[in-house]
Structure formats: C-alpha cells, structure tokens
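Note that the structure is a prediction, hence the values are computed from the model and not measured.
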Amino acid sequence: MATVLLTLAVLLAPISVAAAWAGSKINDVDRYGRTVAPLARDPAVQDAVTDRVTDEVVARVDVHKLSEYLARFLADRDAPRFLVDAARSSGDQPRSALRTGVRHVVDKTVTAMSSPRPGTWPTGVPTPPRRTF
C-alpha cells in the first residue's frame, strides 16, 4: 500500500507544481494590466477597436424601421410635415447619421478607458475582484 501511495505522490507532484505555477500566471491581474496597458493607449489600436465596434453596432440597427418609428412618433405629436417626411427619408443619410453618432460615443468610451484612474488597471479598466481558492 505504501508503495502505491509513494508512486502516486511521485506521479502527481509535477502535475501539482505545474498547476500551481499556471494558476499564479493566469490569476495575476496586475501583470495582465501592465501587459495590455500599452495596447490600450496605442491610437492605432483605439481606432481599430472604435471602427470594429461602430461597424457591429450599425450593422445590427434596422435604420428603415427606426426611421419609420421616428416618423410615426413625430406625426402622432403633430410635428410639421417636413419633419415627418425627413424622418421617412430613405437613402444613406440616416445610416450615416447613426454611424457618426455611434462612432463618437464609442470613440469617447475607448479613449476614456485608456486613461488611468484610481482603482483601475493602467488601462483605465476597473480592476477585477481577486478570487481565492
């Protein structure tokens, strides 16, 4: 019985050491923050993130449906006819306006997240709570 336990201990010891080492590397949130901070402050990375998020948001918005909803909303409130007609306008103007607005908000958010604040990583992202096992 002692031989079996000794053999088991010898086989499992390297695995437990490797698991402990990996756990310390994976759960080191400060190191992660130091690693990604330069990326978050890089204007090229910020522009790429802003472009990607803007494209995804705009692609998921049904601009025609939104324009019709706005036109009905304005008509129900006795808005001038030219406003109702402008809301129903088709073409690229509503999508372009949506893209401009979304891009502005996303750009401000991405830029703000790259500025360090107390209680955050160097990237400006809130430091996650630490877990203990």
### Query
Taking the hydrophobic residues Ile, Leu, Val, Met, Phe, Trp and Tyr, and joining any pair whose side-chain heavy atoms are under 4.5 Å apart, which ones share a cluster with Trp21?
none

### Task
Would you mind listing the cluster partners of Tyr69? Hydrophobic ones only (ILVMFWY), side-chain contacts under 4.5 Å, chaining allowed.
none

Test side chain to side chain contact (heavy atoms under 4.5 Å, CB included) applied to [X] - qualifying residues, sequence neighbours left out:
{"X": "Leu12", "answer": "Leu8, Ile15"}
{"X": "Thr3", "answer": "Thr7"}
{"X": "Pro80", "answer": "Phe82, Leu83"}
{"X": "Val61", "answer": "Val63, Leu66, Leu98"}

### Query
Is there a donor-acceptor pair closer than 3.5 Å between any side-chain N or O of Thr111 and the backbone N or O of Lys108?
no

### Message
So does Val58 get a backbone contact from the side chain of Arg95, meaning a donor-acceptor N/O pair under 3.5 Å?
### Response
yes

### Task
Identify the two heavy atoms, one from Ala40 and one from Gln46, that lie closest to each other, and give their separation to 0.1 Å.
O-NE2, 2.8 Å

### Query
What are the two closest non-hydrogen atoms of Ala87 and Leu74, and how far apart are they?
CB-CD1, 4.1 Å

### For Asp42, side-chain hydrogen bond (donor to acceptor under 3.5 Å, both in side chains) partners two or more places apart
none

Applying salt bridge (Lys or Arg N to Asp or Glu O under 4.0 Å), name anything that partners [X], two or more places apart in sequence or on another chain.
{"X": "Arg52", "result": "Glu56"}
{"X": "Asp85", "result": "Arg81"}
{"X": "Asp55", "result": "Arg99"}

### Query
Shared ILVMFWY cluster between Val57 and Val105, side chains joined below 4.5 angstrom?
no

#### Entry: Interatomic spacing from OG in Ser67 to CG in Asp62 - rounded to 0.5 Å
8.5 Å

## Note on the structure
Interatomic distance, CZ@Arg77 vs CZ@Arg72, rounded to 0.5 Å, equals 11.5 Å

